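Everything on this sheet refers to the single structure shown next.
Owing to the predicted nature of the structure, the values given are computational and were not obtained by experimental measurement.
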2 protein chains.
Amino acid sequence: MARWAPDAALRLERAAIELFSERGYTATTVPDIAARAGLTTRTFFRHFADKRDVLFLREREFPAVVAGLLAEAPAGLDPMALVLHGLEAVAAGDLERWRGDILARRAIVRSEPQLRERELLKSAALAEAMRDALVAGGAADDDAALAASVGSVLFDSSMEAWLRGPDDVTLLTELRSARERLHRLVSAQRSDPSAARAAS
Amino acid sequence: MARWAPDAALRLERAAIELFSERGYTATTVPDIAARAGLTTRTFFRHFADKRDVLFLREREFPAVVAGLLAEAPAGLDPMALVLHGLEAVAAGDLERWRGDILARRAIVRSEPQLRERELLKSAALAEAMRDALVAGGAADDDAALAASVGSVLFDSSMEAWLRGPDDVTLLTELRSARERLHRLVSAQRSDPSAARAAS
DNA sequence: CGTATGATGGCATCACGTGTCATCACTTCG
DNA sequence: CGAAGTGATGACACGTGATGCCATCATACG
């Protein structure tokens, strides 16, 4: 498969990230991106549904990968443990090597609400994939949906902390830290008005 | 203020919801909406940033309202309790009266990924408003962000259950049910491999 | 060598979204 | 009571995003 240039989508992605970083997202037109990649506008829209989608090429396989991780997980775990198992497997992967690229892309995404919007949709799609995998594993619908959503929040939160913090702290460490924080927050608000809130 | 017709935005919203329900979202053009409302295309884009935004007119004041609720909340509560306090105040409000309208709008939003995308952005903006209010109240940044995100997930989950379930179950009941479910899920996955997962 | 397959180029077309200026209704003030 | 001011709307032009359609070219296969 892939005959002419097998990396048309990758070339377009490279050109887009370069141009977005140089001129900004709105100042870059689709013909600009296609021209730098040596292709035409029509070809761009054959590889990407719209202009925003070019920034999320790498995330296309995420839902399937996470669903596979949940399916392979050891049996006998509750939904929340299953989700955390899958997320830790992802965090412990080779994601650490791509920190620089992820940071560059994040700067672009955060510069435009349109792109943040798309990022949220991709995150929701990932949560839905996790939910479906949990349901397929026998979990109750409501439990599966909530566990998947909470897992998505935990992963986004730890990713944010990992990218913002020093580079000697691993994503896995941040994920476990977020997991601890969640546990503390949810447990604390249990009928105890004397619980002091954290000071600044 | 508001001289000619003080409800231009509301008329446009009505026209849009009618047309979206009749022909579908993509088959309806902005000139169509403006014509039914007795206005022009240019005026439509003065009231709404884009075509999708017309479906979220009512949610514009949500962030400010929730931030106000969190500011007025009794002191001495931890971040999670503060968020739940605010969400319960909203759920106990007059939201129950609008169930029909909310259902109609939800059907449109779920028919198009573009609209679901915008809904997620609005939800994220609400979570950010809660986070900022918590930080202003003295909470730690990480705790505030996580509590706000979890609160948003809980509210969306309970709203979904409320809209899908029988109409004699209140939103407040669903919210507290989701809160219980979260507590159980987070507590269960605590170092106990013998915990059985829920059967179908 | 001829044909089939699939990616790409080129063109036309429509809808979205914005900048700009004119117009009209209503208010305010002399 | 009339004139200037304010603010919403109408009208027009324009660039970009996105899609349908057909032609073209390179590669694979018989």
Side-chain angles (χ1 to χ4, degrees), chain A residues 1-20 22-57 60 108-109 111-119 121-122, chain B residues 1-20 22-57 60 108-109 111-119 121-122:
Chain A
M1 95 185 57
R3 282 171 259 197
W4 283 257
D7 55 351
L10 285 175
R11 293 211 321 271
L12 287 166
E13 184 204 31
R14 266 186 62 93
I17 290 180
E18 289 175 7
L19 289 170
F20 293 162
E22 295 172 7
R23 317 178 191 172
Y25 176 79
T26 52
T28 304
T29 67
V30 175
D32 290 340
I33 302 171
R36 178 167 296 204
L39 297 170
T40 63
T41 303
R42 196 64 189 86
T43 300
F44 177 93
F45 286 109
R46 283 200 185 87
H47 288 275
F48 305 101
D50 50 53
K51 183 181 171 186
R52 287 174 272 168
D53 201 43
V54 73
L55 283 171
F56 301 90
L57 174 63
R60 282 184 181 168
I108 301 173
V109 170
S111 72
E112 281 287 334
Q114 300 181 353
L115 299 175
R116 165 95 175 132
E117 204 175 8
R118 178 56 52 87
E119 190 177 55
L121 183 65
K122 298 288 184 181
Chain B
M1 92 183 60
R3 282 170 261 195
W4 285 257
D7 54 350
L10 284 175
R11 294 211 320 271
L12 287 165
E13 184 204 30
R14 266 184 63 92
I17 291 180
E18 289 174 7
L19 288 171
F20 292 163
E22 295 171 8
R23 317 178 190 173
Y25 176 79
T26 51
T28 303
T29 67
V30 175
D32 290 339
I33 302 171
R36 177 167 295 203
L39 296 169
T40 63
T41 302
R42 195 63 188 85
T43 300
F44 178 94
F45 286 110
R46 284 200 183 87
H47 288 275
F48 304 101
D50 51 50
K51 183 181 172 186
R52 288 173 270 168
D53 201 43
V54 72
L55 284 172
F56 300 91
L57 174 62
R60 282 183 181 168
I108 301 173
V109 170
S111 73
E112 281 287 334
Q114 299 181 355
L115 299 175
R116 164 93 175 137
E117 203 174 9
R118 178 56 51 86
E119 189 176 56
L121 183 64
K122 297 289 183 180

Whole angstrom value for the distance that separates C1' of dT9(D) from CG of Leu12(B): 12 Å
For atom CZ of Arg23(B) and atom P of dA15(C), their distance in whole Å: 12 Å
Hey, what do you get for CG (Leu121(B)) to CD (Glu119(A)), rounding to the nearest 0.5 Å? 11.0 Å
Tell me, do Arg23(B) and Asp32(B) make a side-chain contact under 4.5 Å, heavy atoms counted? yes
Students should find that the end-to-end axis angle of the helix from dC1(C)-dG30(D) to dG30(C)-dC1(D), with five pairs defining each axis and rounding to 10 degrees, is 10°
Gap between atoms NZ and C1', on Lys51(A) and dT16(D) respectively (whole Å): 8 Å
If you take any heavy atom closer than 4.0 Å to DNA chain D, which residues from residues 24-31 of chain A end up in contact? Thr28(A), Thr29(A), Val30(A), Pro31(A)
Calculate the interatomic distance between Phe44(B) atom CZ and dC16(C) atom C1'; express it in whole Å. 10 Å
Let me have the donor-acceptor pairs involving side chains of residues 43-54 of chain B, under 3.5 Å, with sequence neighbours excluded, atom names and distances please.
unit_1   : atom_1 : unit_2    : atom_2 : d
Thr43(B) : OG1    : Thr40(B)  : OG1    : 3.2
Asp50(B) : OD1    : Arg52(B)  : N      : 3.1
Asp50(B) : OD1    : Asp53(B)  : N      : 3.0
Asp50(B) : OD1    : Arg118(B) : NH1    : 3.2
Asp50(B) : OD2    : Arg118(B) : NH1    : 3.4
Asp50(B) : OD2    : Arg118(B) : NH2    : 3.1
Lys51(B) : NZ     : Tyr25(B)  : O      : 3.0
Lys51(B) : NZ     : Thr28(B)  : O      : 2.7
Arg52(B) : NH1    : Glu117(A) : OE2    : 3.3
Asp53(B) : OD1    : Lys122(B) : NZ     : 3.4
Asp53(B) : OD2    : Arg60(B)  : NH2    : 3.4

Separation between CG of Leu115(B) and CD1 of Ile108(B), rounded to the nearest 0.5 Å: 8.5 Å
With sequence neighbours excluded, tell me which residues meet salt bridge (charged side-chain N to carboxylate O under 4.0 Å, His left out) with Glu18(B). Arg14(B), Arg36(B)
Contacts of type side chain to side chain contact (heavy atoms under 4.5 Å, CB included), residue Ala34(B), not counting sequence neighbours: none
Please check the phosphate of dA7(C) (OP1 and OP2 only) for any side-chain N or O of His47(A) closer than 4.0 Å. no
Phe48(B) CZ to dA15(C) C1', straight-line distance once rounded to whole Å: 18 Å
Atom pair distance, as rounded to whole Å: CG in Asp50(B) and C1' in dT16(D): 15 Å
Round to a whole Å and report the spacing from CD of Gln114(B) to C1' of dT19(D). 13 Å
Leu39(B) CG to Ile33(B) CD1 distance, which is reported to the nearest 0.5 Å: 11.5 Å
Please produce a list of atom pairs where a protein N or O lies less than 3.5 Å from an N or O of nucleotides 9-13 of chain C.
unit_1 : atom_1 : unit_2   : atom_2 : d
dG9(C) : OP2    : Thr40(A) : N      : 3.1
dG9(C) : OP2    : Thr40(A) : OG1    : 2.8
dG9(C) : OP2    : Thr43(A) : OG1    : 2.4
dG9(C) : O6     : Arg46(A) : NH2    : 2.6

From CZ of Arg52(B) over to C1' of dG17(C), roughly how many Å is that when rounded to an integer? 12 Å
